[in-house]
Number of protein chains: 2
Amino acid sequence: MFSNSQFAVAVHMLVFIARGQFDQVTSEEMAESVNTNPVVIRRILCRLARGNLVISQPGALGGTKLSRPADQITLLDVYHVIEGCEAYCLHKSQPSETCVVGRNMLPVLEGIMQEAEAAVKEKLSRYTIEDVLRQVLKL
Amino acid sequence: MFSNSQFAVAVHMLVFIARGQFDQVTSEEMAESVNTNPVVIRRILCRLARGNLVISQPGALGGTKLSRPADQITLLDVYHVIEGCEAYCLHKSQPSETCVVGRNMLPVLEGIMQEAEAAVKEKLSRYTIEDVLRQVLKL
DNA sequence: CCTTTTGTAACCCAACGAGTTACATTTTAG
DNA sequence: CTAAAATGTAACTCGTTGGGTTACAAAAGG
């Protein structure tokens, strides 16, 4: 969960796009706001597009826009697109099969971690890109 | 949050110690159950000891025991000891100061992430090592 | 046809996690 | 007093990963 900066950058990008209501935005412009390389932006952009959060157009006058209004994109949507499959990290090596604790620890921990992750998702679902944009502009 | 296996291993260790109610347990025994190197165990053990969750004794017949009953150690206690300071990852490079979004994104995200982390902590506080041990033995 | 932009591949490098060896220190047994 | 067993910790390796960078094919408008 959030072990790299991709989620934060993705939210930043979406908010940046949302602010310029009408026009499309280029990866160059986003890179400048985030202060990183455009390729880093485009890598994340790809995933956002595949997750149907944005629509990108190549070519001159190309760029990216939101696929739907900013108040209909939640941070949970972003989380789903970015975090992929493994949200948390458990044992690296398979614990002992001959020890009761070793044998059963993983499934038990799995259950607890999923519960924790569900709590996070619930929180994230309560914020939209619009909400974040509003908070950003209010500061 | 949980970007490495230390939290899982720490819980594993504590449950392992709790199961052997009376005796002390050696890092060697824990390493066998977790299936890793004893030094990996002792590194985590150190932090658990400094966090007053366990008491370790060097020397022959030495080992480790819980500092208090297993039903008085929550997973939140473990989280506090293991996760240290930075629980989540935001931007790697400081965003643009000249862009409204760039300038204000970090504090806004910080607030949201702290709320998410609080939700996780709340969930973790509801489980004790005793609870986990019971679940493990029931499987 | 030229320019602009996305989409991706390929590479480098720094950071980090985990495993391992080694050893000083502590403590008990004999 | 010495040997053995255990913790505590430093130091090293190695594989993985994240992020930055260059390069280039493909798309699209003027």
Side-chain angles (χ1 to χ4, degrees), chain A residues 1-10 12-13 17 20 23-32 34-51 53-65 67 82-95, chain B residues 1-10 12-13 17 20 23-32 34-51 53-65 67 82-95:
Chain A
M1 275 185 270
F2 314 118
S3 59
N4 57 34
S5 68
Q6 286 175 32
F7 177 79
V9 172
H12 186 143
M13 290 162 56
I17 299 171
D23 305 276
Q24 296 191 120
V25 166
T26 69
S27 61
E28 195 81 37
E29 296 169 311
M30 288 188 263
E32 197 182 332
V34 174
N35 188 26
T36 184
N37 192 289
V39 176
V40 174
I41 297 294
R42 291 207 287 272
R43 276 203 280 251
I44 296 175
L45 219 48
C46 257
R47 310 177 63 176
L48 294 177
R50 265 191 286 252
L53 300 186
V54 303
I55 296 171
S56 286
Q57 275 198 336
L61 301 196
T64 303
K65 59 181 181 182
S67 68
I82 297 299
E83 290 292 327
C85 34
E86 39 186 334
Y88 45 83
C89 178
L90 297 181
H91 293 56
K92 197 151 204 170
S93 55
Q94 191 65 20
Chain B
M1 273 186 270
F2 314 119
S3 59
N4 58 36
S5 68
Q6 286 175 33
F7 176 80
V9 172
H12 187 142
M13 288 161 59
I17 299 171
D23 305 276
Q24 295 191 123
V25 166
T26 69
S27 61
E28 193 82 40
E29 295 169 311
M30 287 188 262
E32 197 181 332
V34 174
N35 188 26
T36 184
N37 191 291
V39 175
V40 173
I41 295 296
R42 290 208 287 270
R43 276 203 281 250
I44 296 176
L45 219 48
C46 258
R47 311 178 61 176
L48 294 177
R50 265 192 285 251
L53 300 187
V54 303
I55 296 170
S56 286
Q57 275 197 336
L61 300 196
T64 303
K65 60 182 178 182
S67 68
I82 297 299
E83 290 294 326
C85 33
E86 39 186 335
Y88 46 84
C89 178
L90 295 182
H91 292 57
K92 196 149 205 173
S93 53
Q94 191 67 19

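- Look at A/S56 and you'll find a side-chain N or O under 4.0 angstrom from OP1 or OP2 of C/dG7.
- For the OP1/OP2 pair of D/dT7 and a distance below 4.0 Å, the side-chain nitrogens and oxygens of B/S27 include at least one atom meeting the criterion.
- Per the geometry, CG belonging to A/D23 stands 13 Å off P belonging to C/dT5, to the nearest Å.
- Within the 4.5 Å cutoff, no side-chain heavy atoms of A/C89 are placed close to those of B/S3.
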Polar atoms only, N or O, under 3.5 Å: list the protein pairs with nucleotides 13-15 of chain D and their distances.
none

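- Summarising the geometry of B/Q24 relative to B/G62, their closest heavy-atom pair is NE2-C, 3.6 Å, with the distance given to 0.1 Å.
- In this structure, A/R50 places its CZ atom 9 Å from P of C/dG7, rounding to the nearest Å.
- Distance A/L45 CG to C/dT5 P: 14 Å, rounded to the nearest Å.
- With contacts defined as side-chain heavy-atom distances shorter than 4.5 Å, the pair A/V9/B/L90 does not qualify.
- Contact annotation: the side chain of B/I82 approaches that of B/I44 to within less than 4.5 Å [non-hydrogen atoms, C-beta and beyond].
- Considering NZ of B/K65 and CD1 of B/I17, their distance stands at 11.5 Å, rounded to 0.5 Å.
- Atom pair B/E28:CD and D/dA4:P shows a separation of 17 Å (rounding to whole Å applied).
- Taking all atoms of both residues into account, the shortest heavy-atom contact from B/H12 to A/P95 is CE1-CB, 3.8 Å.
- A donor-acceptor contact under 3.5 angstrom links the side chains of A/Q6 and A/R47, judged on distance only.
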Scan nucleotides 15-19 of chain C against the protein and return all N/O pairs shorter than 3.5 Å with their distances rounded to 0.1 Å.
unit_1 : atom_1 : unit_2 : atom_2 : d
C/dA18 : OP1    : B/S5   : N      : 2.9
C/dA18 : OP1    : B/S5   : OG     : 2.4
C/dA18 : OP2    : B/Q6   : NE2    : 3.4
C/dG19 : OP1    : B/T36  : OG1    : 3.4
C/dG19 : OP2    : B/T36  : OG1    : 2.6
C/dG19 : N7     : B/R43  : NH2    : 2.9

Step by step, work out the side chain to side chain contact (heavy atoms under 4.5 Å, CB included) result for B/L45 and B/S56. CA-CA 8 Å; B/L45 219 48; B/S56 286; 4.1 Å; yes
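- B/I41 places its CD1 atom 17 Å from the C1' atom of C/dT21, with the value rounded to the nearest Å.
- When the P atom of C/dG7 is taken as reference, atom CG of A/L48 falls 10 Å away, rounded to whole Å.
- Within the 4.5 Å cutoff, no side-chain heavy atoms of B/S5 are placed close to those of A/H91.
- In this model, no donor atom of one side chain and acceptor atom of the other lie less than 3.5 Å apart for B/T36 and A/S93.
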For nucleotides 22-30 of chain C, just jot down a letter per nucleotide in 5' to 3' order: B, S or -, based on protein non-hydrogen atoms under 4.0 Å. B---BBBS-
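- Residues A/M13 and A/I41 are in side-chain contact: their nearest non-hydrogen atoms beyond the backbone lie under 4.5 Å apart.
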